[in-house]
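Working notes, structure below.
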Amino acid sequence: MDEDKQREIASMGGRAAHEKGTAHEFTSEEAREAGRKGGEAVSQDREHMAEIGAKGGQASHGGGQNQRRDEGTRSERDDDDNNNRRSRSQSQNQGQGGQGGQGGQGGRGGDRR
């Protein structure tokens, strides 16, 4: 018998038991205990837990799947960011002090943005 047919028959049995009033309905306490036991059983499988952790890491860090190809690698982007920061810092430091107050620039010579 295929799985779908088996599932359909089991489902009918479950509905009949609920209609008849003989089906077991878990209390919140019973459900909590069952969930705890299931969690303990699953967490014993270290390979499975490692797989779950890897999927979570990929989801939270993008896993490289959402990165556009034309943006370059992470290290290339970091290098570009660092170079841009250095360039801005150097240009801000050039000409400071000697031209204080001119043109409303407050000591920064020629660095307008």
Side-chain angles (χ1 to χ4, degrees):
M1 178 182 313
D2 71 336
E3 288 183 28
D4 289 335
K5 185 68 173 172
Q6 192 174 6
R7 194 173 294 122
E8 185 182 328
I9 293 170
S11 179
M12 290 189 308
R15 280 194 289 271
H18 277 282
E19 286 175 14
K20 189 176 174 185
T22 59
H24 180 76
E25 294 192 21
F26 284 93
T27 65
S28 60
E29 214 33 61
E30 288 173 319
R32 188 176 302 117
E33 181 67 13
R36 185 186 65 74
K37 287 181 180 178
E40 283 179 2
V42 168
S43 66
Q44 297 300 312
D45 184 353
R46 295 181 60 79
E47 186 176 316
H48 176 69
M49 295 304 289
E51 213 174 282
I52 292 171
K55 286 181 183 177
Q58 289 171 350
S60 66
H61 300 294
Q65 294 178 3
N66 293 329
Q67 179 180 346
R68 289 181 17 194
R69 288 186 182 164
D70 60 347
E71 291 178 343
T73 65
R74 172 173 276 169
S75 61
E76 288 172 346
R77 287 193 312 270
D78 291 345
D79 289 345
D80 289 344
D81 289 345
N82 289 336
N83 289 338
N84 289 339
R85 278 192 216 102
R86 264 189 240 110
S87 295
R88 282 195 301 268
S89 176
Q90 288 170 353
S91 66
Q92 288 173 353
N93 290 332
Q94 289 175 349
Q96 279 188 346
Q99 300 176 6
Q102 272 187 346
Q105 292 180 8
R108 289 191 184 161
D111 184 25
R112 294 182 189 213
R113 292 193 187 182

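Within 6.0 Å of the CZ atom in Arg46, the count of heavy atoms belonging to other residues, nucleotides or ligands does not exceed 12. More than 12 heavy-atom neighbours from other residues, nucleotides or ligands sit within 6.0 angstrom of CD on Glu40.
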Inset, instruction - With side chain to side chain contact (heavy atoms under 4.5 Å, CB included) as the test, would you mind laying out the steps for Met49 and Val42 before giving the verdict? - result: CA-CA 8 Å; Met49 295 304 289; Val42 168; 4.2 Å; yes

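Note on Arg15 versus Glu19: no salt bridge recorded, every NZ/NE/NH1/NH2 to OD/OE distance being 4.0 Å or above.
Looking at every heavy atom in both residues, His24 comes nearest to Glu30 through NE2-OE1, 3.4 Å.
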